[in-house]
Amino acid sequence: MTEEKKAKTDKPKKVADPDMVSIDPATQEMLARAQELGVETVFDRAVVMKACNIGAQGTCCKNCAMGPCRLPLPKSGIEGEDTRKGLCGATANTIAARNFIRMIAGGAAAHSDHGRCVAEVFLSAARKESDAYKIKDVDKLLKIAPHLGVETMVEVDGKKLDRDLDEIALEVAETALNEWGKPVGEVLYMKRAPEALYEKWKKNGVLPRNIDREIVEIMHRTHMGVDQDFRNLIKQGTRAALADGWGGSMLATDLQDVLFGTPYPLQSEANLGVMKEDHVNIIVHGHEPVLSEIIVSVAQSQEMVDYAKSKGAKGIQLGGICCTANEILQRHGVPPVGTFLQQELAIITGACDAMVVDIQCIFQNLANVAKCFHTKLITTHPIAKMEQDNVIHIEFDEHHALEDAQRIVKMAIDNFENRATEVMIPKHKGVQIAGFGVESIEYHLGGTFRGSYFTLNDNIINGRIRGVAGVVGCNNARTKHNEAHIKIVKELIKNDVIVLTTGCNGIACAMEGLLTPETAQVFCGPGLAEVCETVGIPPVLHLGSCVDNSRILLAATEVIKAGGLGNDICDLPAAGSAPEWMSEKAISIGHYFVSSGVYTVFGVTLPTSGAPVFHDYICKDLEKIYGGMWDIEPDPVKHAQKMIAHIDKKRKELGIDRARERVLMDMADRREMEAAYQKA
Ligand code: BF8
C-alpha cells in the first residue's frame, strides 16, 4: 500500500456530533454510546454521504435506459427560455412532475396496501375464521356502514328492525375490500367530505375510481413517452393522493377502530427511557397493528409474565417505534421508545431482547446493528424481508396470529439471559396523554349533548383559538432530529393555534412533554391556554399513526358541519405541516391535504426546486383549483409564521379577525410567558 493510500485508510472515520444532530438528550447519549462501541448509525452515514443535488431538485429522470438524464438548475437560475431537455426531449417540469407523482404512487400504495391488509383481516374476523380477531367497536361499525352503503336496519313485516351485526360486518368487509379494485364507480368515502369540496373534485375530474387503479395509472402515465404535461400529471397525482387520504388510509383507520377499538385519551410515556433493564424488552416497529395488537395481549398474559419471571426478569416491557408504536399507544397506552431516527439506538441500549418489524420505515441497517448485540430481529411480513442472515422471519398469518405472537414473545423471553454487552438505557422519557380522535375531540370540545364540534368552533370564532394546525410526519437525518418538530409546534401553540399531530411528530412532542394538559399554561398563548384548562386537554392532540391523518380530514369536516366557519375545508383557519418529512408517504399525505384545501408547508426540501414552473404550479396555482397549496420552509420559526399568516388570512376572509383582537397578547403577557418558558 502506498504511503498516501495508507494515510487515507488510517484517517479516523467521520462520525456525527451527537449534540449537533439531535435536540433529544436520550438520542445524544445513545449516539455517543454507539460511537464508543464502534456501531455505525444513520446519523454517522448522513455525515459521510451527501445527498445528490440533482435528485433533490427532482430533475433526474431514470425512467428509461437512455438516461439517467440529469437536468440541474444552474446556480444563477434561468433567465428567459428554459431549454433543458432529456434525450427524449422531456422538460425539467415533466421530469419533476413525473418523479413527484411517482412519490405519491409509492406513498399511496404503502398506506393503501396497509389498509387492504386490515380489510382482509377484517373479512376473516367477519367470517369468524380466526379466534384472535373480533369486532370490538360495534358503534363505530354502525357509524361507518352507511358511508359504504351498507344498511344497518332491515324491514320485517313493515317494521324497521336492527339488522344482524354479523351480516353488517360481513357486508362492510366485502364492500370495503371492493374499494381497492371495483370496475366502476368512485371511491365511496369521497362523499364524506364537505359537499362543496366533493363538487369541486367532481368538476375538476379528480374523483378516484378505485384505490389501486389510480396508483397503476400513475405508473403508466410516467412510463417513458406517455403523459408529458405537468398539469395533467399532477392531476393524476391528485386522484391517487385522494384515493389514499379519503380511501385507503381512511378505511385502514376505520376498520382498525372497529377491530381493535376506537382510541380514547389515556396516559403513557415516550422515549428510550421507557425500556427497563430488569425486564424483557420487546419492541414492535413498523405500521400495521394486526400482529402487534396480538403481541400486546400475549405479552400481558399472566402465562408469559410468569415465564419471563422464571427466566430471571421482573416482567415484560413492550415498546414501539414509528407508527406501529402509535397504533398500540392509542389503544393500549404502550409507550413509544422513539421516533424513526431512534430505531438503531433502541438496539444499542443492549436491552432490546427482540425487535419485531412489519412494514415501512424500517432501516435495513437494523440487522447490522442487531449483529453487534444479542437482539433477535424478527421480520413478520411476507412483503418485507431482509437479506442479512441474522434476521429471523416469522411470517404472520391472521389464521394463526395467536401462535405467531406466542412464538415471538417466548423467543424474546428466552433471549433475556443472552444479554452480553453492558446495558445502557438513557433515563430520559416524557409523560403524555394520547389517544385522541374525531370522536374524543367531539366529546371534549363539543359536549355530548350537542354531539358536534360546537365548542371548538365557538372558540375559533371568538378568537381564543386562532386556528388549527395539523403537524405531522417523519424525522430526516438531513436535519437536526426533532428540532423543527418542536420549534414549530411551540411557535404555533404560543400563538393560540391548536395542534393536531400524528406519526413521528406525535412521538417527538410526547418526548418533549408537549402532550399534557399542564403544557398549556407554560407554552400556550392565553386564549388556547384558557380553553385547554377549561376542557382539560393538551394543546397538542395526538391523533395516531400516519394513516390516521384521515382523522384530521374528518375532524376538519366535522368543523365545517358544526357551522360558522365556511362551507369547505379551504375556508377554515387551518394549515398543515411536515417539518422533517422524508418518506413518499409524506408526499402523498401532503398532496391529499393540499387537494382537500389545506395550505401545507414542508420543511427540509421539496423535490421540485429544479423545475421552477412546476414548483410554482403546485405552490401557487393549485390554490385556485382546490383552495390549498404546497409551500417549503426549512426555518422552523418562519415555517410556523407562514402557517399563522395563512390562518389569519382565512380569519379575515371569514370576518372573524376582529374577534381575535380582544385576546391579543400584550408585551407584558409575552414577557410573563417567556419567563415561565425559561423556568420550565
Ligand atoms: O408513517 S412519520 S418516519 S413512521 S413515514 Fe415513517 Fe414518517 Fe415516522 Fe409512520 Ni409516517
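Counting starts at 1 for both ligands and their atoms, following the listed order. For the numbers below, each heavy atom of this structure counts, side chains included, while hydrogens, waters and symmetry mates do not.
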Going by the atom numbers of ligand 1, which of them fall below 4.0 Å from some non-hydrogen atom of Phe340?
3 (S)
Under 3.5 Å, is there a donor-acceptor pair between the Thr502 and Asp548 side chains?
no
Cys323 near atom 8 (Fe) of ligand 1: N/O/S under 2.8 Å
no
Any idea which atoms of ligand 1 are less than 4.0 Å away from a heavy-atom of Lys585?
1 (O), 5 (S)
Taking the six-membered ring for Trp, are Phe363 and Phe340 ring centroids under 6.0 Å apart?
yes
Candidates Ser583, Ala110, Cys546, Ala578; heavy atom nearest atom 10 (Ni) of ligand 1 found on Cys546
Among all protein heavy atoms, pick the one closest to atom 8 (Fe) of ligand 1 and tell me residue, atom and distance.
Cys504 SG, 2.4 Å
Under a 4.0 angstrom heavy-atom cut-off, which atoms of ligand 1 come close to Cys322?
4 (S)
Under 4.0 Å between heavy atoms, the region of His287 that gets near ligand 1 turns out to be side chain
Would His481 and Glu580 count as a side-chain hydrogen bond (donor to acceptor under 3.5 Å, both in side chains) if you check the C-alpha gap in whole Å, the side-chain angles of each, and the deciding distance to 0.1 Å?
CA-CA 8 Å; His481 171 234; Glu580 301 178 25; over 6 Å; no
Check whether any heavy atom of Met582 sits under 4.0 Å from an atom of ligand 1.
yes
Work out which heavy atom in Thr253 is nearest to a heavy atom in Ser550; give both atom names and the distance.
OG1-OG, 3.0 Å
The option among Cys474, Gly506, Gly473 carrying the non-hydrogen atom nearest to atom 3 (S) of ligand 1 is Cys474
Which one holds for Cys361 and ligand 1: side chain close, backbone close, both close, or neither close, with close meaning a heavy atom under 4.0 Å?
side chain
Without swapping roles, check the side chain of Ser577 against the backbone of Val471 for a donor-acceptor pair under 3.5 Å.
no
Under 4.5 Å between any side-chain heavy atoms of Trp630 and His615, yes or no?
no
Does a side chain donor of either His542 or Asn326 reach within less than 3.5 Å of an acceptor in the other side chain?
yes
